[in-house]
Number of protein chains: 2
Amino acid sequence: MEKELLLLGLLRKQKMHGYRLMEFIDSNLHICTDLKKPTAYYLLEKMEGFGWVIQHEDSNGKRPAKKVYEITDLGETIFQSTLRSHLEKFEPPFFSNDTVYIFWDTIPELDRINLLQKKKSIIENEIKNLEKIPEHFGGTQILLDHQLFFLKSEQEWVEKLILKLLTNKVKQT
Amino acid sequence: MEKELLLLGLLRKQKMHGYRLMEFIDSNLHICTDLKKPTAYYLLEKMEGFGWVIQHEDSNGKRPAKKVYEITDLGETIFQSTLRSHLEKFEPPFFSNDTVYIFWDTIPELDRINLLQKKKSIIENEIKNLEKIPEHFGGTQILLDHQLFFLKSEQEWVEKLILKLLTNKVKQT
DNA sequence: GTATGAATAGTCAGATCTGACTATTTTAAC
DNA sequence: GTTAAAATAGTCAGATCTGACTATTCATAC
């Protein structure tokens with residue numbers, strides 16, 4: 001429901017057509033969602049079926065008709081309850097790259113260290129990029145703070161793992 | 001490719017049929033993947049098409065024929081390169097529940113604190129549960145360590161956020 | 001004026017994923 | 001020995017998602 005929540009929340013502020021929605025999401029919210037354009041159109045149609053949004057053609061002037069979506073009262077109710085249930089919930093994400101650790105013993109020790117070092121530098125770059133972003137508006141700043149906090153925690157973890165590998169190696173020699 | 005990697009990696013150790021694979025994943029690897037049974041069967045068939053695995057019917061005795069999957073040389077090559085590329089990569093997960101923060105201003109201040117407190121207690125429970133799990137084998141222990149490290153970081157972050165809200169409230173009064 | 005590229009708005013076939021189901025065999029209880 | 005429950009093995013229709021595409025309009029440069 002996160003994607004639906006996002007769309008509903010944006011439509012609450014202002015009625016819009018799909019393209020405008022995706023434009024906003026792409027340029028401002030890429031940290032918190034991977035919603036793609038065709039999915040957005042698909043979800044808008046689905047939500048129209050549920051009666052969460054209504055759509056009317058806006059054939060302004062010469063341009064071909066645009067489908068402008070607007071949130072309904074039902075949509076607002078859904079938004080409010082979903083918003084609350086998501087704030088209180090906690091669902092750990094899957095670290096899909098972690099699958100490798102299951103097969104840790106397949107990788108020679110030197111490779112492990114080298115590859116982890118690369119991972120570490122990617123994280124460091126991400127941190128630098130995030131720190132460059134100027135203060136955002138309202139809640140989006142919380143989102144950025146969270147991401148940054150998370151990245152720093154990941155950095156620390158990888159550093160510890162590398163250190164552990166290095167000290168193990170020293171012990172062996 | 002994480003799901004394919006997982007299946008290939010397990011088939012490397014031992015040829016198996018889909019049910020056995022899923023049994024192992026469900027009972028040991030639920031932390032790192034959300035692979036479900038029908039998806040596993042789908043992926044096995046796909047990988048058979050790619051020549052990464054081969055399948056032969058095992059009609060042992062009375063039971064209806066089982067499809068036993070086995071990794072091929074090509075599959076092993078794919079596994080090795082995918083394993084390495086995943087170890088060096090870092091892709092931050094999407095905290096889908098964070099979508100709420102975009103609409104932070106919609107929620108009354110008291111609700112915010114209450115709901116975050118619930119979130120916090122869920123995290124604390126998860127931590128307790130993870131700490132109960134006895135030492136695992138090999139790489140899987142790294143996976144558990146990572147998850148625990150992450151959860152503690154999340155706990156800290158939520159605590160900080162709650163604290164910030166509380167001090168803001170005091171200032172206002 | 002017109003060719004070219006960017007912006008605008010959306011669609012579609014095909015890939016991926018899953019809830020709910022089928023079907024058989026084994027185990028256990030009586 | 002028969003019935004019920006659990007274990008075993010898999011399937012399928014339908015939901016969800018996306019890469020690649022279409023189609024129109026606007027800007028600009030020549």
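Below, all heavy atoms of this structure are taken into account, side chains as well, without hydrogens, waters or symmetry copies. Convention: sequence-line order gives letters A, B, ...; per-chain numbering from 1.
- Between the P atom of C:dG10 and the NE2 atom of A:His17 lies a distance of 6 Å, rounded to the nearest Å.
- Looking only at distances, no side-chain donor or acceptor of B:Lys67 sits under 3.5 Å from a matching main-chain atom of B:Glu57.
- For the residue pair A:His146 / B:Glu154, a side-chain donor-acceptor distance below 3.5 Å is found, with atom types taken as modelled.
- When the C1' atom of C:dT8 is taken as reference, atom OH of A:Tyr41 falls 9 Å away, rounded to whole Å.
- Distance, B:Met22 CE to D:dA7 P: 17 Å, rounded to whole Å.
- Contact detail for A:Ala40 and A:Leu35: the closest heavy-atom pair is N-CD1, 4.0 Å.
- Counting to the nearest Å, the P atom of D:dG10 and the NZ atom of B:Lys66 are 8 Å from each other.
- Rounded to an integer number of Å, the gap from CG of B:Leu44 to P of D:dA9 is 14 Å.
- Transitive grouping of hydrophobic side chains (ILVMFWY, heavy atoms separated by less than 4.5 Å) brings A:Ile123 and A:Trp157 into a common cluster.
- Under a hydrophobic-cluster definition in which Ile, Leu, Val, Met, Phe, Trp and Tyr are linked whenever side-chain heavy atoms come within less than 4.5 Å, directly or via other members, B:Ile127 and A:Phe95 are assigned to the same cluster.
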Reading 5' to 3' through nucleotides 12-19 of chain C, protein heavy-atom contacts under 4.0 Å coded B for base, S for sugar-phosphate only, - for none: B--SBSBB
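- A:Tyr41 and A:Leu7 are members of different hydrophobic clusters when ILVMFWY side chains are connected at heavy-atom separations under 4.5 Å.
- Atoms OH (A:Tyr19) and C1' (C:dG10) sit 10 Å apart, rounded to a whole Å.
- In this entry the distance linking CG of B:Asp26 with C1' of D:dA7 reads 14 Å, nearest Å.
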